[in-house]
Every structure is written in structure tokens, then in C-alpha cells.
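Taking it in order: structure first as C-alpha cells, then the write-up.
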Protein chains: 2
Amino acid sequence: MKDNSLPTRDRILQAAGKLFHRDGIRAVSVDAIAEKAGVTKRTLYYHFRSKDDLIAAHLQTRDEPNLALFKRWFDEAEGDVSGKVAGIFRQLAHSARSAKWKGCGFLRTSVELINLPGHPALVVARAHKKRVEDWLASTFTKAGASSEAASLARQVMLLLDGAFSVVLLHRDPSYMETAAEAAADLVRHGISNSNLSAVPPTGRTT
Amino acid sequence: MKDNSLPTRDRILQAAGKLFHRDGIRAVSVDAIAEKAGVTKRTLYYHFRSKDDLIAAHLQTRDEPNLALFKRWFDEAEGDVSGKVAGIFRQLAHSARSAKWKGCGFLRTSVELINLPGHPALVVARAHKKRVEDWLASTFTKAGASSEAASLARQVMLLLDGAFSVVLLHRDPSYMETAAEAAADLVRHGISNSNLSAVPPTGRTT
DNA sequence: CCAAGTATACCGGGTAGTGAATATACACGC
DNA sequence: GCGTGTATATTCACTACCCGGTATACTTGG
């Protein structure tokens, strides 16, 4: 019955990912995941110590690809840094038009588990968000906004997670465009302010 | 055993509110709510058709007070409109320093139930967020930014809900200050832009 | 043979929601 | 004033099911 050639552990993760995405975390039972993976529950518990561990492992698999996607969208967008940041939001607006779009999995999972302070998935989610923020800060630094880079990165993260939440709640991707404009404004304004009191821009935007 | 003099329905809502706030929606059982309210589960089901209805009714009780709080924080803050908007975030930063703070109940509940498209609580949550956004837009209009008011209100909502999410995830209220600065920047910039091409400010701030 | 991996069948506990009966309170005829 | 009817409000006991996790035994590849 193993129509899928992936190793068992990966098949479980893949099945869990689909179900978590579609129905949320708590709404999905271990039995359902095992069945979807074509595996018995006992096998699942051989590969993962608990459901909580499985949740964390699932988020871990999304960390790297998610960040890579943001980087690609940034690189492929036209214009200066502010335009490239806006490009991320515009690509998200595109994704959000799909009926299957469910916002940010890290955010959704965190909210569902926020009342369990030590949950391993929360650690993974926090690390992921920090990675994105750090990457943003580094691009702002490269663009010559060394003194404002950290603050700008935080502001963009606020808009990003806000857009995830608002677009998901209202199912209205136009908020993603609003976020694109706000982010571009803040970045443009922040960088020009920074350049006034900073060394001449030595960073490259490529 | 009715030490509380409230009508039964209100006592149930009060108990549900406390538990939902502390543990989330799905994590709280109807039995737990009934026990906390000092009432039999059957009585709870006399006053509310289902758990889903109870959740929606609970959110409804928070709609008006929540908006009133935002208005009060706005009115009590110093400065022009941008400063007053920032005042809301600064008050939220204060609240967020409490260990019991759990972000925005509307947002948290929505995320937990987002995979149940017709859920009554989602309707209430969307209406609440729209009410806040509409109120913001009206204050921006009064401040003379008629042409940008709607867009500014949306941008502030993005920062607001973003701040709720980010502060909750990282448990770091300083993001609320970052949001305050970003919101003030956007509002100041948006209003001055609007005034360039609008009638002289006839609106009043007080 | 042994270890990695799989299968069946089960456990204790929790879940939303219900059936049937009861208590309370107020309205009406007389 | 008193019985009676009726709607509201509340209780206890119960169903039918789902959940995360496990005990035990079997299969398969090196």
C-alpha cells in the first residue's frame, strides 16, 4: 500500500502537514494522520514520541522552505529595497487569492498552542519568525540603513503577521496590498532617515 | 451555592470568558464552563443552543467594551492624531506586560475556528474588527485626511493585529512600542499628504 | 539471530449533546 | 383564597463517540 516512495517518517510528516494545514492542529487526531500516511498509529509513535513532537517536527520542515520563498520573492521583485519588500506582500496577495490559503502556519499553530507555554512547537515558531526578521534586518543593513535596520525589520514583521491575520479573518487579499504600501513607505522613509546620519551607502542592492 | 447575584445566563458567560481567556476555545470543555459557573451542563444547554453559540455570544459581550477602551485610550493620549493612535499601542504595551495578557480574544478565537467557515463566532469577530477600523477611519477623516482615511485605518489595523500576534508569540511588549512608532509615522505622513490636495482642514480633533 | 519497523487490539479518560423529570413563578377562573 | 394551567428554569443520569497513548505480538532485512 506504499504508493508513496518516501521513507515512512517523511510520509507521516507529509500527511500531518496536509491535515494540519486544512483543519488546524487540535482538530486533527493522531489516528487521522496515521491513516492518511498509510501507516498504523503504533508506527507513528515509533517515529515520533508524541503528537506534540510531531507538531514541532512538522513546523521544522516548513522553516527553511518558507524563508527561502520570502528571499526568492524579494530577489525577484523590481525596484529598490522598499519595492522588493513590497514585492513579498504582493506575492502573498497572490497566494491569498486561493481558497486553500490559510495564512501563516507558524502563526496559526502558535495561537492554538499559546496556552501551553513550554510546547516545543512554540520554540520552533519563535525561531522561524526571528530568522525572517534577522534576514530582513540584514537586507536593510546592506541597503545602507544600518542604524534603522533592526527597527525597520520589526516594523515589517508587524505588518507581515498583521496581514496574515487580517487577510485570513476577512478573506480579503486587498489588505495584503495595503500592507505592501505601508511597508514600502516605512522602509523608504526609514532608509532615507538613516542615510542622513550614516556613512555614504556602501551596501549593494544588486 | 449562587454566591454570584448575576442572572444564570450572565454567570455562564462570565465563566466561559474566564476559561476561554485562560485556556483557549477548543481546550475548554462545556463541562468545565458549567462547573465554573456553578450550573449543570443541561442548564447551560438551556441558555445556549450549542458550544459554538456560546463562543459567539461570549465574543459579542466583548465587542462594545473593547471598542470603548480603544476610544478612551485614544482620547486620553496627548498630541495630534498620530500621537493619539500611538497612545493606543502604548496602552496595549502596558497591558501586555502582565503575564495574564493573551493578545486579542477576537483574533485568537478566529484563528482557532478559521477552518469552520460558517462559524457564528467568526461573524462576530469580523464585525468587531470592522467596527474598530471604521472608527479609526472616521477619526482620520475628522483630522482632515478624508482622501487617505480609509487606507490609513487599514494600515493601522494591520499594525494592531500584527502587534497582537507578534507580542503574544515572543512575549515581548517592546514590539508594541515599535508598532506605536510605525503607526504614528504612517498616520503623520498620510495626513500631511492628504492635506496637500484636500480642502483646508475643517475637521476638529477634540 | 537480532534489531528496526509494523499490525491488532485495547485502555482510561474526556467530549458535545440529550431524555425525562422536577422545581419555580406567575395568570386565570371561581 | 385556592386550585389549576402553563412557560420558564434547572437537575441527574445517560449516550455514543473520539482522543492520545500503549501492551503485545508479528514481520522483515542484514
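Just so we're on the same page: letters track the sequence lines, and every chain starts at 1.
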[X] side-chain N/O to [N] phosphate OP1/OP2 under 4.0 Å:
X       : N      : result
A:Thr8  : C:dG5  : no
B:Tyr46 : D:dT10 : no
B:Ser29 : C:dT15 : yes
B:His47 : D:dT10 : yes

Less than 4.0 Å between a side-chain N and a carboxylate O, is that true for B:Arg11 and B:Glu35?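 No.
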On DNA chain C, check which nucleotide each of A:Asp31 and A:Thr43 is closest to and give me the residue with the more 5' one.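 Its nearest nucleotide lies further toward 5', so the answer is A:Thr43.
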Item to complete: Measure from the side chain of A:Tyr45, starting at C-beta and using heavy atoms only, and say which of C:dA16, C:dT6, D:dG21 lies closest.
Response: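 The nucleotide sitting nearest to the side chain is D:dG21.
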- Can the ring centroids of A:Phe74 and A:Trp135 be said to lie less than 6.0 angstrom from one another?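 Between A:Phe74 and A:Trp135, the centre distance is under 6.0 Å.
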Write down the distance between [atom1] ([X]) and [atom2] ([N]), rounded to a whole number of angstrom.
X       : N      : atom1 : atom2 : value
B:Ile12 : C:dA16 : CD1   : C1'   : 15 Å
A:Glu35 : C:dT6  : CD    : P     : 17 Å
B:Ile25 : C:dA16 : CD1   : P     : 12 Å
B:Leu54 : C:dG17 : CG    : P     : 10 Å
A:Asp52 : D:dG21 : CG    : C1'   : 12 Å
A:Leu19 : D:dC18 : CG    : P     : 16 Å
B:Asp10 : D:dA9  : CG    : C1'   : 15 Å
A:Leu44 : C:dA7  : CG    : P     : 12 Å

#### Entry: Side chain B:Lys41 and base C:dG17 donor-acceptor under 3.5 Å
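Answer yes: a donor N or O sits under 3.5 Å from an acceptor.
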*Side chain of A:Arg42, base of C:dG5: donor and acceptor closer than 3.5 Å?*
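Flag unset: no donor-acceptor pair detected.
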ask   = Does B:Ser151 reach the main-chain N or O of B:Glu148 with its side chain, forming a donor-acceptor pair under 3.5 Å?
value =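 Checking the backbone N and O of B:Glu148 against the side chain of B:Ser151, no donor-acceptor pair under 3.5 Å is found.
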Problem set entry | N/O donor-acceptor pair under 3.5 Å between A:Thr141 side chain and A:Ala137 backbone |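 Yes, A:Thr141 side chain to A:Ala137 backbone: donor-acceptor pair under 3.5 Å.
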Report yes or no: is the cationic atom of A:Arg62 (NZ for Lys, CZ for Arg) under 6.0 Å from the centre of the six-membered ring of A:Phe106, at an angle within 45° of the ring normal?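 Here A:Arg62 fails the 6.0 Å and 45° test against A:Phe106.
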